[in-house]
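What follows is a short report on a single structure.
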Amino acid sequence: MSDIAKLQIGENSYEFPLVKGTENEVAIDIKSLRTATNGVITIDAGFKNTGSCESGITFLDGEKGILRYRGYSIDELAEKADFLEVAYALIFGELPTKEELDKFHADIKLKSVVDDDVRKILEAFPKTAHPMGILSSLTSALTAFNPSSVNVNSEEEMYNAIVKIMGKFPVLVAWTMRKKSGLPLNYGSKSLGYVENIMKMMFEEPNEEYVINPIIKDALDKLLILHADHEQNCSTSTVRIAGSSHAGLFASLSAGISALWGPLHGGANQAVLEMLEAIKEDGGDTKKYMAKAKDKNDPFRLMGFGHRVYKNFDPRATIIKKAADEVLKDLGIEDPILEIARGLEQEALNDSYFVDRKLYPNVDFYSGIIYRAMGIPVEMFTVMFALGRLPGWIAQWKEMRLNKEPIGRPRQIYTGENLRPFKSIEKR
Ligand code: CMC
């Protein structure tokens, strides 16, 4: 293949270089397009064909169902690694040695205490507040308690900001859940592993010693790993674009949390469970809901189905489906919701509407079933997604700043009124 792309506009032709990735992905570098063509730009709603950056963090091939972090396959990581190792690899580029991991964990623990005034902010939220709104606000509030913006040219400052947020974020997650459940706020224990400590912070009852269930711990580790990064999705792009104005790390993360909240993105895990519950309440008639999903006059979509990038299968969904089966079996839970989920999946896999549009179950289709089995309230599901995605967001923010990417500022094609004279209010 030539390494030049040619563009013809009217009489004029232009040449643009091609950029190739390490997995042979190809892009047309249109940096010079507007200048060369005297004002022509590209338009691509939803950025379906637009690469926003070059990145060495996550590789995803939606046609083949491949997902890799730093070159490691998601299947192997979910099977053999723990969440903190994966977080380290995403953020620093390599899997840690035992010493590196121990130091990373020790530094995180050292920085995990949240200023006690953050409790006052949390207390001011009504009980009805959605946990994602609370989490986004508290993450933003951390900026006020840690006002100095990170000097990205200082490895030490960058490292300190990273261990601070890796330490404090799980506390905010746990407090958000405890507030919702009316439980007193707590800290975990420094003697526990990263994920075990999260569990203790979330689930410990005030009058009883918390005993970690290894089945739940393994499942949570796996879920967090599967959510840890997903290249330039909506929330990650938000984190990168907010940070591209040189907004601080915590402020950029808060923007990412808000983007994740929506039901077409991370909010889908809550929406899936609510949908399955509604189908159950309605007598379990999956065919009725399949028909609604296909009806163009009905806004209903089958939540947990379809993906912007995966057009074959979502490799995360395959791992989660297996994990859901195992967790429910190991915990001895018989959840009728699982049967409805299986039924919907089978119908969709054999229905030409879904097959033709390449709509398969995504990561969120089965994750809620596991979260529910773990005793996590439905409204907290997207918060759990955010907890998993934290290292990915950090890695992407860091890469964007170190690559000295310019401020993100798309252009537009204006379709409004042409110049017109001002009319005084009496004449309107
Ligand atoms: N149910 C019914 N029809 C669907 C669905 C669905 N879940 N998803 C897509 N379609 C149809 C859509 O109506 C369109 O049909 P047509 O070509 O006839 O107009 C076609 O499939 C293409 O859909 P699209 O909306 O253009 O595709 P997209 O790439 O813009 O959207 C998506 C991707 C994930 C937003 C969408 O599939 C969706 O809304 N899914 C449900 C929400 C969901 O599960 N989101 C979680 C995504 S995975 C977690 C994450 O990383 O965020």
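Both ligands and their constituent atoms are indexed starting at 1 by order of listing. Counting from 1, the numbers follow the sequence of the chain as shown.
- Pairs of residues two or more places apart, or lying in two chains, that qualify as salt bridge (charged side-chain N to carboxylate O under 4.0 Å, His left out) and include a residue from residues 392-401 are Arg240-Glu399.
- A donor-acceptor contact shorter than 3.5 Å links the side chain of Asn269 to the backbone of Phe381.
- By the side chain to side chain donor-acceptor pair (under 3.5 Å) test, Asp61 is found to be paired with no residue, residues two or more places apart in sequence or in another chain being considered.
- With sequence neighbours excluded, no residue satisfies side-chain contact (heavy atoms from CB on, under 4.5 Å) with Glu79.
- Within 4.0 Å of ligand 1, contacts by protein heavy atoms are made from Lys48, Pro263, Leu264, His265, Gly266, Ala268, Ala293, Lys296, Arg301, Leu302, Met303, Gly304, Phe305, Gly306, His307, Arg308, Tyr353, Arg357, Leu359, Asn362, Val363, Asp364.
- Aromatic ring centroids of Tyr310 and Tyr360 lie 6.0 Å or more apart.
- A salt bridge between Glu326 and Lys321 is absent, with no side-chain N of the basic residue lying under 4.0 Å from a carboxylate O of the acidic one.
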